[in-house]
Structures are given as C-alpha cells and as structure tokens.
There are 2 protein chains.
Amino acid sequence: MRNDSRLSRMLHVLIHMDRQGERATSETIAGMLNTNPVVVRRTMAGLRDQGYVRSEKGHGGGWTLARPLEEITLLDIHRALGNPSVFAIGPADDQPDCLVEQAVNAALADALREAEAMLLARFGQVTLADLARDFDRRFGASGRPPLQDEG
Amino acid sequence: MRNDSRLSRMLHVLIHMDRQGERATSETIAGMLNTNPVVVRRTMAGLRDQGYVRSEKGHGGGWTLARPLEEITLLDIHRALGNPSVFAIGPADDQPDCLVEQAVNAALADALREAEAMLLARFGQVTLADLARDFDRRFGASGRPPLQDEG
DNA sequence: CCTTCCCGTAACTTTTCTTGTTGCGTATTT
DNA sequence: AAATACGCAACAAGAAAAGTTACGGGAAGG
Ligand code: FES
Ligand code: FES
C-alpha cells in the first residue's frame with residue numbers, strides 16, 4: 001500500500017517558504033517537490049482555504065505564508081489536507097451483518113481510534129516553527145551557520 | 001487511499017473456523033469473504049508459515065486452526081501478514097538531501113513511531129478469544145443464545 | 001490405479017486510486 | 001497588449017491491490 005506524502009510535502013514547502021521569504025510560484029514549488037505545478041495548486045488549495053497560505057494571480061503572483069510558522073501545527077496542515085485517513089489498515093466492510101465481523105471491526109476500530117487520537121494530539125503540539133528550528137540545528141551541525149536565527 | 005483489510009478478514013475467518021470447528025476449504029472461506037480461493041490461500045499462507053493454521057491437501061483437506069484462539073493475538077496475525085505498514089501517511093523521500101525535509105521526516109517519523117508502538121502494544125494484548133467472547137455477547141444480545149460458551 | 005478433491009504457485013488481467021498532464025479561463029502587473 | 005500565474009475541469013498515465021486462470025502436486029476413496 002502506498003504512502004500519502006502530501007503532509008510531508010506541504011510541511012517541507014511551508015518551511016522553505018518561510019526561510020526564503022519570497023513569493024513562490026507553483027512551478028518553483030513543483031520543481032522542489034519533483035512534481036507538477038497543477039498538483040501543487042491542488043494540494044495547496046486546502047491550505048489556502050484554511051488561511052495558512054495566500055495565493056496571488058497574475059504577473060509577480062505566487063504563494064505566500066499567511067501566518068507565522070509558530071501558529072501552524074502539523075495537525076492544522078493535516079486537517080487542511082482534508083483529514084485524510086491516518087491508517088493503512090481497516091475493516092473489510094463498515095456495516096457487516098456478520099456478528100463475528102462486527103466484533104472484529106469494533107476491536108480494531110477501538111485500537112485505531114486510540115492510536116489516532118494520540119497521533120493527532122501530538123501533531124497538534126508540534127508547530128512548523130519547531131521543525132524550522134530543528135532544520136537550523138541540522139544546518140548548523142552540517143558545517144555552515146544557519147541562514148537566519150543566528151540569535 | 002484504500003484500506004488494507006487483510007487483518008480484519010483473517011481475524012474474521014479464524015474466529016469462524018474456531019466456532020465451526022470443521023475443516024474449511026479455501027473456497028468456503030472465499031465465499032465468506034466474498035473473494036477468491038486463490039486470494040485466500042495467498043493471505044493464509046503467512047498464517048500457516050507462522051504456525052497459526054494448518055493446511056491439508058487432497059480430498060477432505062482444507063484449513064484448520066493450529067492453536068487455540070486464546071494463544072493468538074491481533075499482533076500475531078498482523079505480523080504473520082508481513083507487518084504491513086500501519087499508516088497511510090509517510091515521507092515523500094526516505095533519504096532526502098534537503099535538511100528541511102530531513103527535519104520534517106524526523107518529526108513525522110517520531111510521532112508515527114510512537115503511535116505505532118501504542119497500537120501494536122494494544123494489538124498484542126487482545127487475543128482472538130477476546131473477540132470471540134465479544135461475538136458471543138453480541139449473539140446473545142441479538143436474541144438467540146450463543147452456539148457455545150454458554151457456561 | 002484412477003478419479004476427485006484441495007492446496008501451492010506462477011503468470012496474467014482487471015480494477016481502482018493517485019498522480020501527472022493538457023487546455024483554457026481569468027486576474028494582475030508591466 | 002503582452003507576459004505571468006493561479007483556478008479548474010477533463011483526461012491520460014502509472015502503480016498497487018485484488019481477482020483470475022492455469023497447471024502442478026498430494027491425499028483420500030472407490
Ligand atoms: S461471514 Fe458468514 S457469518 Fe461471518
Ligand atoms: S527542496 Fe528542500 S532544499 Fe531544495
């Protein structure tokens with residue numbers, strides 16, 4: 001089963017946008033993600049609708065952050081992407097007649113619900129600023145000093 | 001992204017096998033799961049290799065439980081199915097050069113690892129016998145008395 | 001024996017979902 | 001007016017899972 005990498009990709013993009021400061025076009029971003037501008041617009045649409053980024057049309061247009069990274073959590077982005085299913089495993093039938101299957105579904109659903117709650121709670125506690133700081137740390141450790149934040 | 005329902009299906013089958021006691025052919029099981037005998041064999045192969053079920057060839061052959069439900073946990077079956085990925089979300093690139101992406105991956109991996117550990121721990125605590133008991137409870141609540149276990 | 005039943009496995013087809021692509025409309029800047 | 005970008009719809013391509021077909025054993029029964 002294949003992974004949905006949209007969350008990972010959007011986080012990546014947003015942090016780059018913050019660090020670069022400038023306007024990013026869908027094409028630039030697509031180049032960064034090795035994908036297509038239309039795919040970028042499609043994915044970013046959710047973030048725009050939720051007010052995390054703004055898009056501007058026309059010459060000189062592109063994407064900009066609408067809020068500081070400090071105010072955006074991983075959970076926010078997850079939600080903005082439409083709350084996609086977190087799990088790769090699930091029931092064969094959501095409303096089975098078979099009572100055995102119902103018992104199986106109930107047990108799995110319980111466990112999955114609990115794990116999802118924990119995961120999303122954690123997502124809610126991590127801001128993109130946290131990730132940006134971790135990037136700075138890695139950047140420093142890699143030899144050269146960070147671009148910004150050299151407080 | 002589509003769900004992998006193999007775990008759910010296998011649990012379903014195993015409990016039915018226990019409750020019915022008789023040998024079940026791949027064709028019977030396939031009928032139960034609305035699928036194909038070859039798919040059943042394919043999926044059950046893992047369980048057989050791990051010693052949870054036995055298969056017998058030839059006339060009168062089929063599948064039988066190799067161990068009592070009490071000794072099989074959800075985690076056992078999950079593992080027997082090859083430890084499939086639990087999550088539908090994941091990184092775009094496992095070994096990215098970009099340090100931002102590395103930071104993103106690290107954060108996500110941490111959270112996912114934790115959630116997976118919790119989920120699998122829970123899977124490890126639930127036996128198929130627990131599910132069978134829940135089935136009995138539901139069966140009782142549905143009107144008629146349970147087939148067995150009316151202790 | 002030899003027929004029937006049943007699993008084991010490989011190869012192939014179908015289905016389904018995601019992603020990628022093209023095309024055109026519209027807004028904005030120069 | 002020309003150039004640049006997003007918005008969106010429609011379609012194509014790709015990949016992964018499931019389903020199917022086919023054939024090769026092995027075991028039981030007559
Ligand atoms: S499938 Fe027939 S009862 Fe569970
Ligand atoms: S994509 Fe993150 S550095 Fe180029």
Side-chain angles (χ1 to χ4, degrees), chain A residues 1-10 13 17 22-66 81-82 84-85 87-93, chain B residues 1-10 12-13 17 22-66 80-93:
Chain A
M1 180 147 309
R2 193 176 194 172
N3 273 348
D4 180 352
S5 60
R6 286 176 304 156
L7 177 59
S8 159
R9 284 183 150 148
M10 288 302 102
V13 166
M17 283 171 66
E22 300 162 1
R23 201 148 306 189
T25 67
S26 299
E27 194 158 0
T28 303
I29 296 173
M32 184 159 91
L33 300 179
N34 293 312
T35 182
N36 188 287
V38 178
V39 176
V40 172
R41 292 189 190 112
R42 213 139 64 186
T43 313
M44 304 267 290
L47 309 200
R48 179 196 57 218
D49 295 347
Q50 298 301 314
Y52 299 114
V53 297
R54 269 190 287 270
S55 65
E56 280 159 293
K57 293 181 174 180
H59 198 141
W63 299 88
T64 47
L65 277 172
L81 291 173
S85 168
F87 296 107
I89 61 185
D93 180 347
Chain B
M1 180 147 307
R2 193 174 197 171
N3 273 346
D4 180 352
S5 60
R6 286 177 305 158
L7 176 59
S8 159
R9 285 185 149 148
M10 287 304 101
H12 181 185
V13 165
M17 283 172 65
E22 301 162 0
R23 199 149 306 192
T25 67
S26 299
E27 194 158 0
T28 303
I29 295 173
M32 182 159 93
L33 300 179
N34 294 311
T35 183
N36 187 286
V38 177
V39 176
V40 171
R41 291 187 193 114
R42 212 138 65 183
T43 312
M44 303 267 290
L47 309 201
R48 178 197 57 218
D49 294 346
Q50 297 303 314
Y52 299 115
V53 296
R54 268 190 285 269
S55 65
E56 281 159 293
K57 293 180 175 179
H59 198 141
W63 299 88
T64 48
L65 278 172
L81 291 173
N83 261 310
S85 168
V86 165
F87 295 107
I89 62 186
D93 180 348

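Just so we're on the same page: letters track the sequence lines, and every chain starts at 1.
- The side chain of Ser55(B) places an N or O atom within less than 4.0 Å of a non-bridging phosphate oxygen (OP1 or OP2) of dG8(C).
- A residue-by-residue look at Arg41(A) and Thr35(B) shows that Arg41(A) has its nearest nucleotide of DNA chain D further toward the 5' end.
- One can place CG of Asn36(A) at 18 Å from P of dC11(D), the figure rounded to the nearest angstrom.
- Met44(B) places none of its side-chain heavy atoms less than 4.5 Å from the side chain of Ser55(B).
- Distance NZ (Lys57(A)) to P (dG25(C)): 13 Å, rounded to an integer number of Å.
- For Arg42(A) against dG20(C), a side-chain-to-base donor-acceptor contact under 3.5 Å is present.
- Gly58(B) comes within contact range of at least one nucleobase, with a heavy-atom separation under 4.0 Å.
- Regarding Asn34(A), its CG atom lies at a distance of 14 Å from the P atom of dT19(C), rounded to whole Å.
- No side-chain heavy atom of Arg9(B) sits under 4.5 Å from any side-chain heavy atom of Thr43(B).
- Using a 4.5 Å cut-off on side-chain heavy atoms (C-beta onward), Ile29(B) and Arg41(B) make no contact.
- Atom CG in Asp49(B) sits roughly 8 Å away from atom P in dT9(C) (whole-Å rounding).
- Between the C1' atom of dC5(C) and the CD1 atom of Ile29(B) lies a distance of 15 Å, rounded to the nearest Å.
- When each of dC6(D), dC7(C), dT9(C) is scored by its nearest atom to the side-chain atoms of Val38(B), the top-ranked nucleotide is dT9(C).
- Between Glu56(A) atom CD and dC6(D) atom P there is a gap of 10 Å when expressed in whole angstrom units.
- For the OP1/OP2 pair of dA5(D) and a distance below 4.0 Å, the side-chain nitrogens and oxygens of Ser26(A) include no atom meeting the criterion.
- A 6.0 Å sphere centred on CZ of Arg54(A) holds no more than 12 heavy atoms belonging to other residues, nucleotides or ligands.
- Minimum atom distance to the side chain of Thr25(B) is reached by dC7(C), of the listed dT19(C), dA10(C), dC7(C).
- Following rounding to the nearest Å, Arg6(B) (CZ) and dG19(D) (P) show an atom-to-atom distance of 12 Å.
- Side-chain contact of Ser5(A) with Ser8(A): a donor-acceptor pair under 3.5 Å is absent, judged by distance alone.
- For the pair His59(A) NE2 and dA1(D) P, the interatomic distance rounds to 18 Å; values are reported in whole Å.
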